[in-house]
Enquirer: 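Please find one structure pasted underneath; my questions will follow.
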Number of protein chains: 2
Amino acid sequence: MPNTPNESSVVHIVDDDVDLGDGLSSVLRSVGLNAKTYRSTQEFLRADDLDAPGCIVLDIRLPGTNGLDFQEELVGLGVRLPVILMTGHGDIPMSVRAMKAGAVDFLPKPFRDQDMIDAVTAAINRDRLQRASEQQAVAIVDRYATLSPREREVMALVTAGKMNKQIAGELGLSEVTVKIHRGAGMRKMGARSLADLVRMADTLKDRTR
Amino acid sequence: MPNTPNESSVVHIVDDDVDLGDGLSSVLRSVGLNAKTYRSTQEFLRADDLDAPGCIVLDIRLPGTNGLDFQEELVGLGVRLPVILMTGHGDIPMSVRAMKAGAVDFLPKPFRDQDMIDAVTAAINRDRLQRASEQQAVAIVDRYATLSPREREVMALVTAGKMNKQIAGELGLSEVTVKIHRGAGMRKMGARSLADLVRMADTLKDRTR
DNA sequence: TCATCGACCATACCTTCGTGTGATGACATT
DNA sequence: AATGTCATCACACGAAGGTATGGTCGATGA
């Protein structure tokens with residue numbers, strides 16, 4: 001299962017060397033992977049499938065942009081695809097910087113085809129895992145968005161483990177009102193038990209960090 | 001706060017070049033850090049303060065052992081100290097491997113004193129964070145160890161969000177018995193609310209992974 | 001053998017939770 | 001003016017949770 005690259009995943013190859021990009025493309029296609037090539041970061045950013053499953057294979061020396069800088073910019077641009085960096089003239093500090101920034105791998109050119117295949121496979125797996133947890137988290141955030149302000153206050157205290165009576169005291173409400181907000185919160189969040197709700201609350205907190 | 005290295009932290013420098021080790025030592029001491037030097041991994045492993053807060057500065061080319069291999073062995077040996085690697089003859093694949101294995105940094109020699117100070121500071125901070133969460137987790141595991149088998153079964157279903165009645169059904173017990181085990185579990189775990197207990201259960205699961 | 005501990009259950013009692021009915025007032029939108 | 005949402009509360013009832021009393025049974029260990 002870990003070595004089952006999904007056909008629906010797209011490998012975005014960003015390299016100004018067209019020959020290398022095409023070569024890489026066919027290597028990846030030969031193992032059943034979709035590949036798209038771009039000659040610049042600008043061209044890449046115009047692609048319409050940056051939200052689709054996949055990963056990025058990024059050259060460091062690019063016209064205009066630096067690959068390492070671009071890797072860090074991607075976060076701000078909302079592109080969460082795992083990144084593999086490659087370079088013909090890299091050094092250790094560059095690779096360390098890239099890995100610290102979360103790169104999946106850093107391959108000096110020339111590299112063996114198999115090394116790139118392994119890196120891409122790992123990247124796509126990482127993307128799959130990211131997506132799975134992201135999907136869950138987004139669903140929870142969406143539901144949380146439907147809560148009224150008061151409901152959120154109450155749910156916060158509920159997930160902190162307080163009793164309805166305490167919550168009523170802290171918010172200056174009657175216990176009945178707390179129960180109503182609590183019930184509404186559970187329904188809106190789709191929580192079938194308090195344990196459920198606590199875990200959702202923790203997921204929400206993780207996303208804020 | 002992030003740049004406040006604790007004096008109680010020990011920087012373990014493992015390098016067969018005594019001059020370099022001593023030089024590093026005095027640099028680190030000059031910024032208020034404790035440093036100890038070792039000429040081999042064997043000597044390092046004989047140290048008695050491997051459980052104390054700190055980090056490891058490890059040379060890759062060492063007599064007998066390879067620094068990268070040793071870094072990976074440390075996990076099996078139960079040494080959780082963050083590792084900084086340094087080398088005079090390293091290449092990119094080495095640095096990538098080290099970073100993948102969780103190294104804090106990878107410095108090619110010669111490096112600037114400040115770079116090492118920064119790396120050590122980051123490593124000690126990481127250690128501090130690790131220790132904080134580790135401490136919490138160990139406390140929970142210890143308390144969990146005092147639960148009887150039945151209590152664990154019940155608590156598992158409780159934290160899964162099931163009602164006492166359901167739990168009684170699944171385990172073939174009366175509801176009262178479930179309540180007793182549940183109460184005992186809460187007391188032994190030191191949970192003041194169900195929310196507390198759910199979070200403890202999740203912490204326990206994280207450690208199994 | 002006696003003590004201890006884990007597991008089990010009944011009965012009883014109180015607390016907490018969840019929900020429904022019915023109602024009021026504020027505010028925003030249509 | 002009418003509609004809708006949010007927020008509030010009283011009263012009431014049944015469900016679920018928590019604890020205590022008191023007792024049985026079997027295994028373990030001093």
Side-chain angles (χ1 to χ4, degrees), chain A residues 138-205 207-208, chain B residues 138-205 207-208:
Chain A
V138 167
I140 292 172
V141 170
D142 286 351
R143 274 174 268 157
Y144 186 72
T146 70
L147 295 196
S148 74
R150 223 15 168 187
E151 285 163 353
R152 288 178 201 189
E153 283 184 286
V154 171
M155 295 320 274
L157 297 175
V158 167
T159 54
K162 309 223 171 156
M163 288 186 308
N164 290 342
K165 198 185 288 185
Q166 293 178 286
I167 298 172
E170 286 188 38
L171 299 181
L173 302 175
S174 84
E175 206 182 322
V176 208
T177 307
V178 173
K179 289 182 182 181
I180 292 172
H181 289 316
R182 182 176 184 153
M186 292 287 285
R187 234 177 304 111
K188 289 185 181 178
M189 292 302 289
R192 268 175 276 92
S193 66
L194 179 56
D196 257 27
L197 193 75
V198 170
R199 296 198 169 94
M200 289 183 191
D202 288 353
T203 302
L204 284 171
K205 275 193 184 165
R207 282 181 64 83
T208 316
Chain B
V138 167
I140 291 172
V141 169
D142 285 352
R143 275 174 268 156
Y144 186 72
T146 70
L147 296 196
S148 72
R150 226 11 169 188
E151 284 164 353
R152 289 179 201 187
E153 282 184 287
V154 171
M155 297 321 273
L157 296 174
V158 167
T159 54
K162 310 226 170 153
M163 290 185 306
N164 290 342
K165 198 184 291 187
Q166 295 178 285
I167 299 171
E170 287 188 36
L171 299 181
L173 301 176
S174 85
E175 206 181 324
V176 209
T177 306
V178 172
K179 289 183 182 181
I180 292 173
H181 290 315
R182 182 175 184 153
M186 293 287 285
R187 238 177 301 112
K188 290 186 181 178
M189 293 302 290
R192 267 176 277 90
S193 66
L194 178 56
D196 257 26
L197 193 75
V198 169
R199 295 196 169 96
M200 290 183 192
D202 288 353
T203 302
L204 284 172
K205 276 193 185 165
R207 283 181 64 84
T208 317

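Naming convention: chains lettered A, B, ... in sequence-line order (proteins, then strands); numbering from 1 in each chain. The analysis underlying the following values was restricted to heavy atoms, covering all of them including side chains, and did not include hydrogens, waters or symmetry mates.
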Enquirer: Do the side-chain N or O atoms of K165(A) get closer than 4.0 angstrom to the phosphate oxygens (OP1, OP2) of dT16(C)?
Expert: yes
Enquirer: Salt bridge between E151(A) and R182(A), side-chain N to carboxylate O under 4.0 Å?
Expert: no
Enquirer: So L173(B), base contact, sugar-phosphate only, or nothing? Heavy-atom distance under 4.0 Å.
Expert: sugar-phosphate
Enquirer: Assign S174(B) to base, sugar-phosphate, or nothing according to its heavy-atom contacts below 4.0 angstrom with the strands shown.
Expert: sugar-phosphate
Enquirer: Check the distance between dA12(D)'s C1' and I180(A)'s CD1 and give it to me in whole angstrom.
Expert: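 It works out to 13 Å between those atoms.
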Enquirer: Atom CE of M155(A) to atom C1' of dG18(C): distance rounded to whole Å?
Expert: 13 Å
Enquirer: Tell me the interatomic distance from K179(B), atom NZ, to dA10(C), atom C1', rounded to whole angstroms.
Expert: 12 Å
Enquirer: Quickly work out the M186(B) CE to dA16(D) C1' distance and round it to whole Å.
Expert: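 So the two atoms are 14 Å apart, to the nearest Å.
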Enquirer: In this structure, how many angstroms lie between the P atom of dG18(D) and the CE atom of M163(B), rounded?
Expert: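 It works out to 13 Å between those atoms.
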Enquirer: Using heavy atoms to find the nearest nucleotide of DNA chain C for A184(A) and T146(B) separately, return the residue whose nucleotide is more 5′.
Expert: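 First, find each residue's nearest nucleotide; the 5'-ward one identifies T146(B).
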Enquirer: Examine distances only and state if a side-chain atom of K188(A) and a backbone atom of T146(A) form a donor-acceptor pair shorter than 3.5 Å.
Expert: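 Yes, because the side chain of K188(A) sits within donor-acceptor range (under 3.5 Å) of the backbone of T146(A).
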Enquirer: Calculate the interatomic distance between E175(B) atom CD and dC9(C) atom P; express it in whole Å.
Expert: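 Rounding to the nearest Å, CD of E175(B) and P of dC9(C) are 12 Å apart.
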Enquirer: dG6(C) C1' sits how many Å from R182(B) CZ, rounded?
Expert: 20 Å
Enquirer: Figure out the CD/C1' separation between Q166(B) and dA15(D), and round it to whole Å.
Expert: 13 Å
